[in-house]
Amino acid sequence: MIMTTISANLQAVLARITAAARKYGRNPDDIALLAVSKTWPASAVREAVAAGQRAFGENYVQEGIEKASDLASLGLEWHFIGPLQSNKTRRVAEVFDWVHSIDRLKIAERLAEQRPAALAPLQICLQVNVSGEASKSGVPMSEVPLLARQLASLPRLKLRGLMAIPAAFDDFVQQRQAFGLLHRIYQQLKQDGLTLDTLSMGMTHDLEAAISAGATMVRVGTAIFGQRWVETSG
Ligand SMILES: *Cc1c(COP(=O)(O)O)cnc(C)c1O
């Protein structure tokens with residue numbers, strides 16, 4: 001078998017997930033890997049698919065839709081993880097399987113209205129700001145309980161859990177602290193009766209800390225596809 005760089009990288013990331021799970025008493029099977037393919041071409045996604053990866057994350061609506069359409073015959077799972085404006089919700093509702101970045105009721109209501117009835121419900125996560133002033137995206141922690149209840153009641157959407165992108169720290173203890181906050185709110189929502197199973201947190205440089213704090217899905221780009229030199233927009 002020829003190991004491409006992407007397939008070797010993917011194996012290395014899976015090994016990191018397994019090692020972290022063992023170290024922190026988690027079952028590796030309880031932690032899904034979302035491969036973040038933003039800025040990379042469909043050919044890179046194909047390489048990851050050949051190596052066994054099925055779930056991909058995209059930040060930009062137009063780019064994500066093009067890739068998902070190019071690769072439609074492969075039956076992959078597409079996750080939208082970037083900021084979403086209301087004028088772009090329709091295409092997202094039509095093409096993606098998941099949206100991790102829900103931080104306003106209005107956006108979720110549009111997605112609920114626009115999700116085609118022929119498709120499975122759109123799987124969503126509520127994005128939480130666990131870093132206060134240091135982050136602009138996500139809902140403040142105090143607003144999470146109310147918004148979560150509202151999201152859980154919308155038709156055509158299925159609230160699966162919470163997502164966060166904490167301020168970047170090099171220090172494991174600080175990384176873990178932010179993820180721990182998200183885990184605590186997640187547990188609280190479940191105690192209050194919401195059925196949730198997804199804690200989307202951890203990226204290339206902090207996935208171990210996220211796993212130690214209970215992540216069920218890590219979103220990894222750089223460690224799989226390489227360093228991104230260009231960030232596209234829109
Ligand atoms: C880009 C991105 C990732 C992946 O980050 P890496 O550091 O490349 O692993 C994960 N989540 C979100 C929301 C992103 O925008």
Side-chain angles (χ1 to χ4, degrees), residues 3-40 44-45 47-49 51-59 64 76-83 97-101 123 125-131 134-135 137-138 160-187 196-228 231:
M3 279 285 255
T4 65
T5 306
I6 288 173
S7 99
N9 289 349
L10 198 51
Q11 297 319 309
V13 169
L14 291 170
R16 276 176 68 185
I17 292 171
T18 302
R22 296 233 166 89
K23 181 164 178 185
Y24 299 108
R26 308 270 321 274
N27 181 345
D29 294 339
D30 292 342
I31 303 154
L33 172 59
L34 181 66
V36 177
S37 45
K38 66 181 177 207
T39 79
W40 297 101
V45 174
E47 277 187 51
V49 172
Q53 181 66 27
R54 310 294 306 172
F56 293 88
E58 289 285 338
N59 283 58
L76 305 175
E77 193 177 277
W78 291 96
H79 295 233
F80 189 78
I81 62 174
D97 301 293
W98 285 66
V99 177
H100 293 226
S101 43
Q123 312 294 302
C125 292
L126 195 174
Q127 183 174 352
V128 183
N129 177 357
V130 290
S131 304
S135 169
S137 45
R160 297 290 296 269
L162 304 178
M163 180 273 233
I165 314 170
F169 289 112
D170 291 331
D171 176 54
F172 183 90
V173 174
Q174 285 176 302
Q175 290 175 353
R176 188 181 157 127
Q177 212 160 32
F179 292 133
L181 286 176
L182 193 69
H183 183 252
R184 211 177 312 152
I185 313 176
Y186 175 72
Q187 294 293 13
L196 307 176
D197 63 6
T198 303
L199 203 44
S200 166
M201 58 186 194
M203 322 198 313
T204 290
H205 77 288
D206 57 13
L207 70 89
E208 283 84 3
I211 289 170
S212 80
T216 69
M217 193 180 294
V218 292
R219 309 178 310 267
V220 179
T222 307
I224 296 172
F225 295 104
Q227 185 72 49
R228 291 178 296 273
E231 293 279 347

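The basis for the numbers below is simple: all heavy atoms, side chains too, and nothing from hydrogens, waters or symmetry mates.
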For residues 19-30, which residue pairs qualify under side-chain hydrogen bond (donor to acceptor under 3.5 Å, both in side chains), counting only residues two or more places apart or in two chains? none
Nearest 0.5 Å please: distance from the CG atom of Asn9 over to the CD atom of Glu47. 10.0 Å
Considering non-hydrogen atoms only, spot the tightest contact between Met201 and Ala210 and give its length. O-CB, 3.3 Å
Working note: Phe225 + Lys38, criterion side chain to side chain contact (heavy atoms under 4.5 Å, CB included); need CA distance, chi angles, decisive distance, verdict. CA-CA 9 Å; Phe225 295 104; Lys38 66 181 177 207; over 6 Å; no
Does the side chain of Phe56 reach to within under 4.5 Å of the side chain of Glu77, using non-hydrogen atoms? no
Just verifying a value: how many Å separate Leu14 CG and Leu33 CG, rounded to the nearest 0.5 Å? 5.5 Å
OG1/Thr204 to CZ/Arg219 distance, rounded to the nearest 0.5 angstrom? 10.5 Å
Residue pair Gly161 / Tyr186: nearest heavy atoms and the distance that separates them: CA-CE1, 4.5 Å
Just by distance, do the side chain of Gln175 and the backbone of Phe169 share a donor-acceptor pair under 3.5 Å? yes
What residue pairs, at least two apart or across chains, pass salt bridge (charged side-chain N to carboxylate O under 4.0 Å, His left out) with a residue in residues 197-213? Arg16-Glu208, Arg160-Asp197
Looking at CE of Met203 and CG of Leu34, how far apart are the two atoms once the value is rounded to the nearest 0.5 Å? 11.5 Å
Heavy-atom pair of closest approach, residues Ser131 and Ala167: OG-N, 2.8 Å
Heavy-atom distance under 4.5 Å between the side chains of Leu199 and Met217, does that happen here? no
With side chains defined as the heavy atoms from C-beta onward, is the minimum distance between Arg54 and Val49 less than 4.5 Å? yes
Taking the side chain as C-beta and beyond, is there a heavy-atom pair between Val130 and Pro166 under 4.5 Å? yes
Close side-chain approach of Gln127 to His100, heavy-atom, < 4.5 Å: no
Main-chain N/O of Trp78 paired with Asp97 side-chain donor or acceptor, under 3.5 Å: yes
Applying side chain to side chain contact (heavy atoms under 4.5 Å, CB included) to Ile31 and Leu207, what does each step give before you reach the verdict? CA-CA 11 Å; Ile31 303 154; Leu207 70 89; over 6 Å; no
Which atom of Ala164 lies closest to which atom of Leu182, heavy atoms considered: CB-CD2, 3.7 Å
If you draw a 6.0 Å radius around CG in Asp171, do more than 12 non-hydrogen atoms from other residues or ligands fall strictly inside? yes
Ignoring hydrogens, what is the shortest heavy-atom contact between Glu58 and Ser37? Give both atom names and the distance. OE2-OG, 2.7 Å
Does any part of the side chain of Val218, heavy atoms only, come nearer than 4.5 Å to the side chain of Val13, both counted from C-beta? no
Using every non-hydrogen atom in the two residues, find where Ala209 and Phe179 come nearest and quote the distance to one decimal. C-CD1, 3.8 Å
Are any of the side-chain heavy atoms of Leu162 and Ile185 separated by less than 4.5 Å? yes
Using 0.5 Å steps for rounding, measure from the CZ atom of Arg176 to the CG atom of Leu181. 12.0 Å
Value for CD1 (Ile165) from CD1 (Ile81), rounded to nearest 0.5 Å, stands at 7.0 Å
